[in-house]
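Shown next, in structure tokens, is the structure this report addresses.
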Amino acid sequence: MALNIFKIPLSNIPQTFDIEMNGKAYTITCRYNTEMASWLLSMADGDTGADLFDSMPLVTGTNLLAQYAHIGLDGSLIVYTDGDEFAPPTEANLGIECNLYYAIDQ
């Protein structure tokens with residue numbers, strides 16, 4: 001099996017967009033929480049609009065979807081910062097040095 005990795009097109013501004021992952025439609029919302037000093041990710045089913053998860057902090061060093069295995073989204077969401085894989089995304093570097101990736105076995 002090969003591991004396919006796709007970059008999720010985030011930028012360092014609040015955003016909401018539709019995306020297809022593994023043949024399914026999703027809506028992603030990403031915003032910065034100044035009190036937490038963290039980017040937060042929300043995801044909804046692109047067909048029904050039903051929330052899958054809301055305001056999950058973007059942290060490095062783990063599969064963000066592991067805690068949501070029950071929603072049936074195959075694959076992994078991984079945050080990675082160039083030069084320091086464990087450095088969290090900052091308000092300024094998301095989508096530049098720090099990116100979100102979707103990985104799936106095909």
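Counting from 1, the numbers follow the sequence of the chain as shown. The shown structure was predicted, so the numbers you read here are calculated from the model rather than taken from an experiment.
Ring geometry for F53 versus Y68: interplanar angle under 30°, hence parallel rather than tilted (30 to 60°).
Shortest non-hydrogen contact noted between Y80 and E85 is CE1-CB, 3.2 Å. Taking all atoms of both residues into account, the shortest heavy-atom contact from C30 to L41 is CB-CD1, 4.3 Å. Closest heavy-atom contact between L65 and N63: N-OD1, 2.9 Å. Residues M21 and Y26 approach most closely at O-CE1, 3.8 Å, considering heavy atoms. Heavy atoms only, all atoms of each residue included: L10 and Q15 are closest at CA-OE1, 3.7 Å.
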Apply side-chain contact (heavy atoms from CB on, under 4.5 Å) to the pair N93 and N12, showing each step before the final yes or no. CA-CA 6 Å; N93 79 352; N12 60 355; over 6 Å; no

Kindly indicate, with the supporting measurements, whether the criterion side-chain contact (heavy atoms from CB on, under 4.5 Å) is fulfilled by K24 and L73. CA-CA 9 Å; K24 296 179 185 176; L73 180 62; 5.5 Å; no

Under the criterion side-chain contact (heavy atoms from CB on, under 4.5 Å), I'd like the reasoning laid out for R31 against S55: C-alpha separation, chi angles, the key distance, then a yes or no. CA-CA 8 Å; R31 62 184 173 80; S55 300; 3.0 Å; yes

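In this model, no donor atom of one side chain and acceptor atom of the other lie less than 3.5 Å apart for T81 and D84.
Following chains of ILVMFWY side-chain contacts shorter than 4.5 Å, one can reach M56 starting from F17, so the two form part of one hydrophobic cluster. The cluster map of Ile, Leu, Val, Met, Phe, Trp and Tyr, joined by side-chain heavy atoms under 4.5 Å apart, puts V79 and L40 in different clusters. By the criterion of side-chain heavy atoms lying less than 4.5 angstrom apart, applied directly or through intervening Ile, Leu, Val, Met, Phe, Trp or Tyr residues, L94 is grouped together with F6 in one hydrophobic cluster. A single hydrophobic cluster is not seen to contain both L58 and F86; linkage of ILVMFWY side chains at heavy-atom distances under 4.5 Å, directly or through other members, places them apart.
With values rounded to the nearest 0.5 angstrom, I78 atom CD1 is found 12.5 Å from N99 atom CG. Within the model, atoms OH of Y101 and CD1 of I8 stand 10.5 Å from one another, a figure rounded to the nearest 0.5 Å. For the atom pair I19 CD1 and I28 CD1, the distance stands at 5.0 Å (nearest 0.5 Å). L100 contributes atom CG, which lies 12.0 Å from atom OG1 of T60 (distance to the nearest 0.5 angstrom).
With T29 as reference, T16 is the one residue of D54, D51, T16 to meet the side chain to side chain donor-acceptor pair (under 3.5 Å) rule.
Judged purely by atom type and a 3.5 angstrom limit, T48 uses its side chain to pair as donor or acceptor with the backbone of A50. For the pair W39 (side chain) and T90 (backbone), a donor-acceptor distance under 3.5 Å is present. Side chain of D105 to main chain of L3: no donor-acceptor pair is present (N/O by atom type, distance under 3.5 Å, no hydrogens or angles).
With a 4.5 Å cut-off on side-chain heavy atoms, I71 and M43 do not count as touching.
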